[in-house]
Amino acid sequence: MAPSTSSAVTLNINDEKHTLSVDHRTTLLDALRERLDLTGTKKGCDQGQCGACTVLIDGRRAVSCLTLAVASEGREITTIEGVADGDRLHPVQQAFLDRDGFQCGYCTPGQICSALGVLEEHAAGWPSAATADVRPEAGVPELTAEEIRERMSGNLCRCGAYVSIVQAVAEAARAEEGAAVEEGAA
């Protein structure tokens, strides 16, 4: 008897559980788009090189076209549909609107999910290839335009909105810092 090539998986997406029967070769991207009708995550190159399909898995950036749905069971998955708080946009989404961090918009969901991951990684003190001093005692590096460009380099924009994307990420970082200061004062 041949082993089964499909399994039932329960995916926790945007704080909602979805149980599906999927072929073991089904990518998370295809499960999201084709099975769950969460079409905000875009299929770009389907090879993990463009970042259009970026989602957050357990808070970390992941290209969903290279992630198997069966490997995502039991993990917290956030897609662009789960970023806003009801009708209120996340500060990163608002910054992309305010700074025109998009043109055609195709890559924007992946750019926003990646930016969320970038801000978390930076706040945690993770260095990038652009970080001048990577010693732990150096502390969190300044989030310069060069740092943002390096950290966002896995996400391509065929329209060339990179300058506005960098500005949007910087603005969102400032907004988060301001919110943290206000929270600490309360």
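Not a single donor-acceptor pair under 3.5 Å links the side chain of Thr39 to the backbone N or O of Arg33. Of the possible polar contacts, one joining the Tyr106 side chain to the Lys43 backbone as a donor-acceptor pair under 3.5 Å is found. Although no hydrogens or angles enter the test, the distance criterion places no donor-acceptor pair under 3.5 Å between the side chain of Asp30 and the main chain of Glu34. With hydrogens and angles ignored, the 3.5 Å screen pairs a side-chain donor or acceptor of Arg35 with a backbone N or O of Ser21. Formation of a donor-acceptor pair under 3.5 Å by the Gln93 side chain with backbone atoms of Ile112 is not found in this model. With hydrogens and angles disregarded, no donor-acceptor distance shorter than 3.5 Å links the side chain of His90 to the backbone of Asp85.
At a threshold of 4.5 Å between non-hydrogen side-chain atoms, the residues Glu142 and Thr131 do not count as touching. Annotation: side chain of Leu38 is in contact with side chain of Ile13 (closest heavy-atom distance under 4.5 Å). Side-chain contact check for Asp98 versus Glu171: some heavy-atom pair is nearer than 4.5 Å. Put simply, the side chain of Ser128 does not reach to within 4.5 Å of the side chain of His122, judged on heavy atoms. Using a 4.5 Å cut-off on side-chain heavy atoms (C-beta onward), Thr10 and Glu73 make contact. Taking 4.5 Å as the limit, every side-chain heavy atom of Val140 sits out of range of all side-chain heavy atoms of Trp126. For the pair Leu56/Ile77, no side-chain contact is recorded, criterion being any heavy-atom separation below 4.5 Å from C-beta on. Counting heavy atoms from C-beta on, the side chains of Val55 and Leu32 come closer than 4.5 Å.
Here the straight-line distance linking atom NE2 of His24 with atom OG of Ser6 works out to 6.0 Å at 0.5 Å rounding. Going from atom CD of Gln103 over to atom OG1 of Thr108 covers 9.5 Å, rounded to the nearest 0.5 Å. Distance check: Cys107 SG to Leu156 CG gives 8.5 Å after rounding to the nearest 0.5 Å. Put simply, OG on Ser153 and CD1 on Ile148 are 12.5 Å apart, with the number rounded to the nearest 0.5 Å. Here CZ of Arg174 is found 9.5 Å from CG of Leu143. Values are rounded to the nearest 0.5 Å. Between Glu81 atom CD and Leu36 atom CG the span is 10.0 Å, to the nearest 0.5 Å.
Hydrophobic cluster membership differs between Leu28 and Val63, with clusters built from Ile, Leu, Val, Met, Phe, Trp and Tyr side chains linked at under 4.5 angstrom. In the hydrophobic cluster analysis, where Ile, Leu, Val, Met, Phe, Trp and Tyr join through side-chain heavy atoms closer than 4.5 angstrom, Leu20 is grouped together with Ile57. Following chains of ILVMFWY side-chain contacts shorter than 4.5 Å, one can reach Val83 starting from Val92, so the two form part of one hydrophobic cluster. Cluster annotation: Tyr162 is not connected to Phe102 through the hydrophobic network of ILVMFWY side chains, with a link wherever side-chain heavy atoms come within less than 4.5 Å.
Of the candidates Thr19, Leu68, Val70, Val9 forms a side-chain contact (heavy atoms from CB on, under 4.5 Å) with just one, namely Val70.
The two residues Thr67 and Ala62 make their nearest non-hydrogen contact at OG1-CB, 4.3 Å.
A side-chain donor from one of Ser114 and Asn155 sits under 3.5 Å from a side-chain acceptor of the other. Between Thr79 and Asn14, the side chains place a donor N or O and an acceptor N or O closer than 3.5 Å (distance only, hydrogens not considered).
Note on Asp58 versus Arg60: no salt bridge recorded, every NZ/NE/NH1/NH2 to OD/OE distance being 4.0 Å or above.
Environment of CD in Glu120: sparse, with no more than 12 heavy atoms of neighbouring residues, nucleotides or ligands closer than 6.0 Å.
Residues near Leu29 contribute nothing to a hydrophobic cluster around it, because no ILVMFWY side-chain heavy atom sits closer than 4.5 Å to its side chain.
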Requested in this report: May I have the step-by-step check of side chain to side chain contact (heavy atoms under 4.5 Å, CB included) for Arg149 and Ile165, ending in yes or no?
Outcome: CA-CA 9 Å; Arg149 281 192 299 274; Ile165 290 168; over 6 Å; no
